[in-house]
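Side-chain atoms are counted along with the backbone in the values below, which use heavy atoms only and exclude waters and symmetry mates. The structure displayed is predicted, hence computed values, not measured ones.
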Amino acid sequence: MTGFRLRSEKPYRPKENELAEDVCAFLLRRGWYPLRQPAGVYRTLDGRRCVTVGFKGLPDYVVMHSFYPAFFIETKRPGESPTDVQQRRAWELRVAYKLAVTTADSVEGLRLWLEEHERHARVRWRERL
């Protein structure tokens, strides 16, 4: 007879795709439009050729709004961080092109970042007047 053994259940960590769905739903509710940026090598439907799309390390989404400046977002599972290539690409977008880039591993973290991004845009808008 084998002994019955209880195992502690690991805490649930959402997959990156599940988090991306939650992030997109949150952004849409706030009036932002997230646009997925595919990157990688894909086979054509006939299977004869490979097509390269985008750049390695490109953030997952570009997010646009009718009033606020657009930004890039990289989604990650909670506790994970961007790869070195993704960090270099984000740095390039920030420094060379003066674009906002963020990494989201939770909707709450994104909410806090987004409030600051919107507040900063409103301040810059008032300074122009």
Side-chain angles (χ1 to χ4, degrees):
M1 180 173 161
T2 61
F4 178 74
R5 202 168 159 205
L6 287 176
R7 286 190 232 157
S8 64
E9 219 173 284
K10 293 180 182 176
Y12 177 72
R13 277 184 21 177
K15 295 179 180 160
E16 187 172 332
N17 289 341
E18 295 170 343
L19 177 65
E21 288 175 13
D22 293 344
V23 162
C24 287
F26 167 75
L27 289 167
L28 287 167
R29 282 192 308 269
R30 297 265 311 239
W32 291 86
Y33 183 74
L35 183 63
R36 178 86 168 119
Q37 298 190 112
V41 179
Y42 301 93
R43 279 205 179 276
T44 57
L45 292 176
D46 62 7
R48 292 184 184 171
R49 297 178 296 142
C50 290
V51 179
T52 302
V53 178
F55 302 104
K56 192 170 185 156
L58 194 65
D60 295 330
Y61 293 90
V62 62
V63 185
M64 298 165 281
H65 195 276
S66 61
F67 178 74
Y68 300 111
F71 65 93
F72 292 91
I73 186 168
E74 175 69 35
T75 55
K76 289 290 179 188
R77 288 180 78 172
E80 288 186 2
S81 58
T83 64
D84 290 340
V85 173
Q86 290 169 332
Q87 289 177 354
R88 282 194 304 271
R89 183 68 65 186
W91 178 85
E92 176 186 337
L93 292 168
R94 279 188 201 108
V95 174
Y97 300 102
K98 307 288 190 250
L99 298 169
V101 182
T102 188
T103 301
D105 64 354
S106 71
V107 174
E108 180 61 23
L110 176 62
R111 183 187 66 78
L112 295 172
W113 183 90
L114 192 58
E115 286 175 358
E116 182 64 24
H117 180 71
E118 291 172 348
R119 186 191 66 74
H120 182 69
R122 285 190 300 269
V123 167
R124 287 182 52 201
W125 180 258
R126 286 186 197 124
E127 289 172 357
R128 286 191 216 169
L129 300 178

Heavy-atom pair of closest approach, residues [X] and [Y]:
| X | Y | answer |
| --- | --- | --- |
| Ala90 | Val101 | CB-CG1, 3.7 Å |
| Leu58 | Ala39 | CB-CB, 4.4 Å |
| Tyr42 | Pro38 | OH-CB, 3.9 Å |
| Ser81 | Lys76 | O-CE, 3.9 Å |

Problem - Glu18 bridged to Lys15 by N-O distance under 4.0 Å - result: no
Exercise for the section: Give a yes or no on whether a salt bridge exists between Arg88 and Glu92, defined as a side-chain N under 4.0 angstrom from a carboxylate O. Expected result: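 Salt bridge: no.
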Problem - Hydrophobic cluster identity match, Leu112 and Phe72, side-chain contacts under 4.5 Å - result: no
Problem - Verify same cluster id: Val62, Tyr33 (apolar side-chain graph, 4.5 Å) - result: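 Yes, Val62 connects to Tyr33 through the hydrophobic network.
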Check: [Y] and [X] side chains under 4.5 Å, non-hydrogen atoms:
| X | Y | result |
| --- | --- | --- |
| Leu28 | Pro34 | yes |
| Leu93 | Pro59 | yes |
| Leu110 | Phe26 | yes |
| Phe71 | His65 | no |
| Ile73 | Val23 | yes |
| His117 | Pro69 | yes |
| Leu114 | Trp32 | yes |
| Phe67 | Glu118 | no |

Problem - Any donor-acceptor N/O pair, Arg94 side chain to Lys98 backbone, under 3.5 Å - result: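 No; judged by distance alone, with no hydrogens or angles, the pair does not exist.
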Practice task
Check whether more than 12 heavy atoms from other residues, nucleotides or ligands sit under 6.0 Å from atom CZ of Phe55, and answer yes or no.
Solution key: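 Result for CZ/Phe55: open.
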Quick one: pull up [atom1] in [X] and [atom2] in [Y] and give me the separation to the nearest 0.5 Å.
| X | Y | atom1 | atom2 | value |
| --- | --- | --- | --- | --- |
| Arg111 | Glu115 | CZ | CD | 4.5 Å |
| Trp113 | Ser106 | CH2 | OG | 13.5 Å |
| Glu80 | Glu74 | CD | CD | 10.5 Å |

Exercise for the section: Scan for salt bridge (Lys or Arg N to Asp or Glu O under 4.0 Å) pairs involving residues 48-69, sequence neighbours excluded, and state none if there are none. Expected result: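 Found Arg36-Asp60.
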